[in-house]
Amino acid sequence: MQFLIKNPLGADHMHILRHLSKIEKIVHRTIAQFPAEARSFLSNMARPTVYVTRDIGPEATDLLKNHCDVTIWAHSEPVSRADLISNVQGKDALFCLLTEKIDKEVLNRAGSQLKVVATMSVGFDHLDLNELKARNVRIGYTPDVLTPATAELTIALLLATSRRLLEASEEARTGGWKAWSPFWLCGPSLNGATVGVVGFGRIGQEVAKRLNGFGIQKLLYTNQSGKDNILGGHRVPLDELLSASDFVISTCALTPETKEMFNDETFKKMKSNAVFINTSRGGVVDQDALIRALKNGTIWGAGLDVTTPEPLPLDSELFKLKNCVVLPHIGSASIETRNAMAVLTARNIVSALKGETMPSELLI
Ligand SMILES: O=C(O)[C@H](O)CO
């Protein structure tokens, strides 16, 4: 607490502060004797507290600070589990990232005053939804704001994989470029191709819109809504999509149903010239099966923005395969998008703490 002290009586400031501190103690003792209801009413009037698990930029931080007492893990690496657990104790809100697993242990340690957990991501497979629901903790997430950036990156990764951009750049820099050669560094073209998008939600559809400019012949998709003919595409069963597509793009959420849906069996159903792109979650792929498929020529190549685990260990077979491009989960990493995600997460928290409608609440 800070006091601006005018001193009309001429007493020295230290003397006044000693009195104030005595008064504060008396107030605390008195409040402690109030009935529980009155105590909780008074504590609700105090500024709420929020724990933030990374540096989230000035705009989102200021927004939170205008309404709450903010504690930040302001480091570039993720907060350790031990630090998360000790810092979340007693907080009213938690601002987290997809790098933190928010489970029973974290929620128990946070305490029953916790009102909202807001994640700076559209994916929420790192949150234990049942435990949050059981505690009536509201959940914020960041759909929509990251859709264009993630779609953009999906196209970039697809082209980098099919047109072998990283390999080509490496050859140019390291003396492999001897002369222009007819079939050197060639890869399959998007022009005239059939593209299958697995999970035709917000991001999948935005990818499809961008594909339009590349002269693809046919768009296939699987989706949950059951709607056909979205954006001129055909809704088909997964097996049909896999066997007919030259490019298979995974943009589906990780759920118990989609876990490792790309496995030995499904890779075998794809064309041998197929390019597999994953910008959703590493967990939708059985990674050992993918390595086998890439080594054996079951499919032509793969571009992965997401892996299991993350970061992918340096000795992973995937890094050794020329027909595989691995990116460090940068789907939404445009400057504007990451800031918008941070601000939306902060707004989710402030609204939930005020008991208002959240801009993006995950309703379960
Ligand atoms: O879930 C998300 O938001 C992405 O994977 C990262 O932006």
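Every number for a ligand or one of its atoms is a count from 1 in the order of the listing.
Shown here for Pro359 and Ser351, the closest heavy-atom pair between the two residues is CD-OG, 3.6 Å.
Other residues, nucleotides and ligands place more than 12 heavy atoms under 6.0 Å from the NZ atom of Lys269. More than 12 non-hydrogen atoms from other residues, nucleotides or ligands lie less than 6.0 angstrom from CZ of Arg135.
Residue Leu146 touches ligand 1 through its side chain alone, judged by heavy-atom distances below 4.0 Å. When non-hydrogen atoms are compared, ligand 1 lies under 4.0 Å from the side chain of Arg281 (C-beta onward) but not from its backbone. With a 4.0 Å cut-off on non-hydrogen atoms, Leu98 touches ligand 1 through its side chain and not its backbone.
With Asp305 as reference, Leu153 is the one residue of Leu153, Thr154, Asn278, Val326 to meet the side-chain contact (heavy atoms from CB on, under 4.5 Å) rule. Between Arg235 and the choices Asn223, Asp228, Asn229, the side-chain hydrogen bond (donor to acceptor under 3.5 Å, both in side chains) rule is met once, by Asn223.
Here is the list of ligand 1 atoms found below 4.0 Å of a heavy atom in Val122: 1 (O), 2 (C), 3 (O). Against a heavy-atom cut-off of under 4.0 Å, Met341 is close to the following atoms of ligand 1: 3 (O), 7 (O). Heavy-atom proximity to Ser121, at under 4.0 Å, picks out these atoms of ligand 1: 1 (O), 2 (C), 3 (O). Atoms of ligand 1 lying under 4.0 Å from any heavy atom of His329, numbered from 1 in the order shown and given with element: 4 (C), 5 (O), 6 (C).
When only interatomic distances are considered, the shortest N/O to N/O separation between Gly123 and ligand 1 falls below 3.5 Å.
Residue Met120 places every heavy atom at 4.0 Å or more from ligand 1.
Looking at Thr345 and Asn348, their side chains never bring a donor and an acceptor atom within 3.5 Å of each other.
In this structure, atom 7 (O) of ligand 1 lies nearest to the protein heavy atom Ser332 OG, 2.6 Å.
The backbone N or O of Ser245 lies less than 3.5 Å from no partner atom in the side chain of Thr194, so there is not a single donor-acceptor pair.
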